[in-house]
Amino acid sequence: MGAAKKIEIPVSITVRDLAKLLGATSIQVIKILMMNGVMANINQTIDFDTAAIVASEIGFEAIPEKLEEEEIEKDNGEVPLWRQIIDKEDPRSLTSRPPVVTILGHVDHGKTSLLDAIRNTNVTAGEAGGITQHIGAYQVEHKGKTITFLDTPGHAAFSAMRARGAQGADIVILVVAANDGVMPQTKEAIAHAKAARVPIVVAMNKIDRSDANPDLVKKQLSDHGLIPDEWEGDTMVVPVSAKQRQGIEDLMEAVLLTADSMKIEANPKGRVFGTVIEAKVDRSKGVLATLLVQNGTLEMGNVVLAGNAHGKIRAMFDYKGKKIHKAGPSTPVQIMGLTEVPSAGDIFQICASEKEARTIVETRKAEAAANKTKDKFTLEDLFKRAQEGEVKELCLVLKTDVTGSIEPIEGELQTLNKEGEIKVKILHSEAGAISENDVMLAAASRGIVIGFNVQPDPVAKKKAEDEGVSIRCYNIIYRLKEDIEKALKGMLEPEYQEISTGKAEVRAMFKISKLGVIAGSRVLEGEIRKGSRVKVLRNGEEIHKSEISSLRREKDDVKEVKTGLECGIAVKGFESFEVGDILETFTVERFGS
Ligand code: GDP
């Protein structure tokens with residue numbers, strides 16, 4: 001396998017933009033995300049690591065896009081951007097900060113319950129009733145040390161959690177239900193944490209259940225590279241019951257031990273930046289954004305810039321809803337004052353003035369607009385990408401009469417993609433007649449062109465013939481789907497093409513008793529062979545099709561007659577020749593995909 005092509009991907013990107021960047025359809029991206037346990041819609045923002053998984057499925061190697069031209073150098077593809085920023089700080093100015101922890105795991109294994117249990121078990125002294133408001137993150141104290149948790153509401157938003165976790169988490173708590181063991185999303189979580197180079201502490205939850213089987217779970221974890229410390233490995237596996245609030249202290253202990261073995265540092269006086277955890281609009285307060293400060297100290301009155309959102313901080317609250325004026329590294333804060341709602345996962349920074357923030361936003365918007373037109377559809381690019389991939393797919397170019405038909409057809413076709421089988425890959429889809437470009441695109445990737453309620457224009461038709469590209473037109477979606485399905489299974493009737501091998505013109509007719517009417521002809525092109533298939537053309541129209549039953553030169557039977565020579569031709573089942581008829585011999589060849 002050749003090295004995957006590198007592609008720059010921003011720290012966060014919408015599904016739609018990622019699809020464009022990768023030359024894929026949004027449906028494809030959504031499908032890949034789904035296969036990886038991430039439910040996302042087309043407008044949803046996903047983080048770099050998630051995008052990287054998608055990119056690799058499509059055959060690219062993702063590298064993080066540089067953040068700000070002059071401020072941050074190109075990413076080396078291994079160290080997350082935020083760590084690189086901290087690495088730029090003077091080492092002497094770095095001080096330790098609370099570890100930021102996120103909880104991952106399979107659906108129903110108890111992520112939410114565990115977050116609740118931790119929140120309620122470890123509330124700071126004197127705080128009755130626990131924390132009632134949720135801002136997407138909270139902090140707990142354990143033995144005088146603070147831990148920041150990225151709090152995810154419910155398991156459905158696995159992608160959102162990834163968006164958060166990957167940007168800011170130092171440690172992942174992997175929840176595995178002791179009665180259920182390692183499940184698909186557990187494996188995904190392990191892969192994500194490993195990709196982000198974030199250490200894992202396992203919370204073996206539901207230990208209270210009678211069907212809990214801790215040894216089996218440990219064995220499964222070992223099989224996935226997480227060898228429990230009691231088995232001489234380096235993964236801490238802590239039995240807990242979120243429901244009965246058992247083992248929570250031990251889990252906190254394990255997190256702090258893990259943190260101790262890492263360098264979890266930042267410069268509280270350094271450049272201020274961090275990640276947007278979540279944001280929403282409140283009717284009376286305006287935009288409320290939860291930010292995780294990762295370096296520097298965020299202060300009241302600072303001008304914050306996150307994505308295209310910016311504004312002066314008018315009020316700042318901690319996770320308990322208490323007004324604060326300053327927030328140092330690893331502190332989650334909720335701020336008021338942004339002009340619009342930033343996306344979860346956006347990196348924020350501070351600007352010297354609102355004017356500067358506006359200028360940067362304008363530049364970003366202009367760049368985004370420029371990229372849009374650039375990405376739109378360069379044939380060469382698509383050619384290259386298609387060619388570089390291995391042929392594990394049936395490549396299609398889809399043309400439809402109206403834009404509205406594209407998504408349903410793509411959706412139907414995606415349902416055909418099964419694990420381990422040849423997959424449908426839609427190279428390009430667009431409304432409009434089938435053009436020469438479509439044919440060329442299909443040709444380059446040995447694909448076919450599908451028309452839905454559209455036909456090829458004459459130039460495209462000619463090109464398809466020249467390039468051996470198959471064009472198939474449909475007006476019923478299920479027929480289209482059925483055909484593709486057959487093609488995937490290799491059952492589709494191949495399409496055949498007649499290749500002309502010779503042409504002769506009828507000059508005179510003779511009747512020969514044994515043979516019937518013979519066409520005295522002159523060979524104009526190629527050669528005429530006995531036994532060849534032949535068409536009789538009159539004024540360009542085919543009037544008969546069969547084969548050459550007799551071929552003579554003078555009185556001798558011959559096998560072939562070349563251009564420029566005269567001969568007598570008998571055509572099986574046809575005698576009513578006319579002077580000027582063209583006898584065209586041909587072979588039949590399979591073409592297309
Ligand atoms: P999530 O999907 O990972 O967020 O899982 P939830 O926290 O929603 O929990 C899923 C189900 O498991 C709920 O019905 C919980 O009550 C139950 N559950 C969670 N933790 C425990 C536990 O420690 N013991 C038992 N017996 N049930 C638990």
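In each ligand, atom 1 is the first atom listed, and ligand 1 is the first ligand listed.
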What orientation do Phe149 and Tyr138 show, parallel under 30°, tilted 30 to 60°, or perpendicular over 60°?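 Phe149 vs Tyr138 ring planes: parallel.
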From the options [options], select the one whose nearest heavy atom is closest to [atom].
atom                    : options                        : value
atom 4 (O) of ligand 1  : Asn179, Asp180, Thr112, Leu114 : Thr112
atom 15 (C) of ligand 1 : Ala117, Ser113, Ala178         : Ser113
atom 24 (N) of ligand 1 : Asn205, Val240, Asp208, Ile103 : Asp208

Check ligand 1 against Arg209 and write out every atom of the ligand that is under 4.0 Å from a heavy-atom position of the residue. 26 (N)
Please could you name the atoms of ligand 1 that Lys111 approaches to less than 4.0 Å, counting only its heavy atoms?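 Near Lys111, the atoms of ligand 1 are 1 (P), 2 (O), 3 (O), 4 (O), 5 (O), 7 (O).
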Atom NZ of residue position Lys312 - does it have more than 12 heavy atoms of other residues, nucleotides or ligands inside 6.0 Å?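 12 or below, so no.
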In terms of heavy-atom contacts, does CG of Asn213 have more than 12 from other residues, nucleotides or ligands at under 6.0 Å? yes
Under a 3.5 Å distance rule, please check whether Gln44 uses its side chain to pair with a backbone N or O of Asn41 as donor and acceptor. yes
Asn302 side chain vs Val304 backbone, donor-acceptor pair below 3.5 Å: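 No; judged by distance alone, with no hydrogens or angles, the pair does not exist.
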Look only at interatomic distance and state if [X] has a nitrogen or oxygen under 3.5 Å from any nitrogen or oxygen of ligand 1.
X      : answer
Gly110 : yes
Lys206 : yes
Ala242 : yes

Is His106 in contact with ligand 1, taking contact as a heavy-atom separation below 4.0 Å?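 A heavy atom of His106 does come that close to ligand 1.
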For the pair Asp215 and Lys219, find out whether any cationic side-chain nitrogen is under 4.0 Å from an anionic carboxylate oxygen. no
Reported CG-to-CD1 distance for the pair Leu115 and Ile103, which is rounded to 0.5 angstrom: 3.5 Å
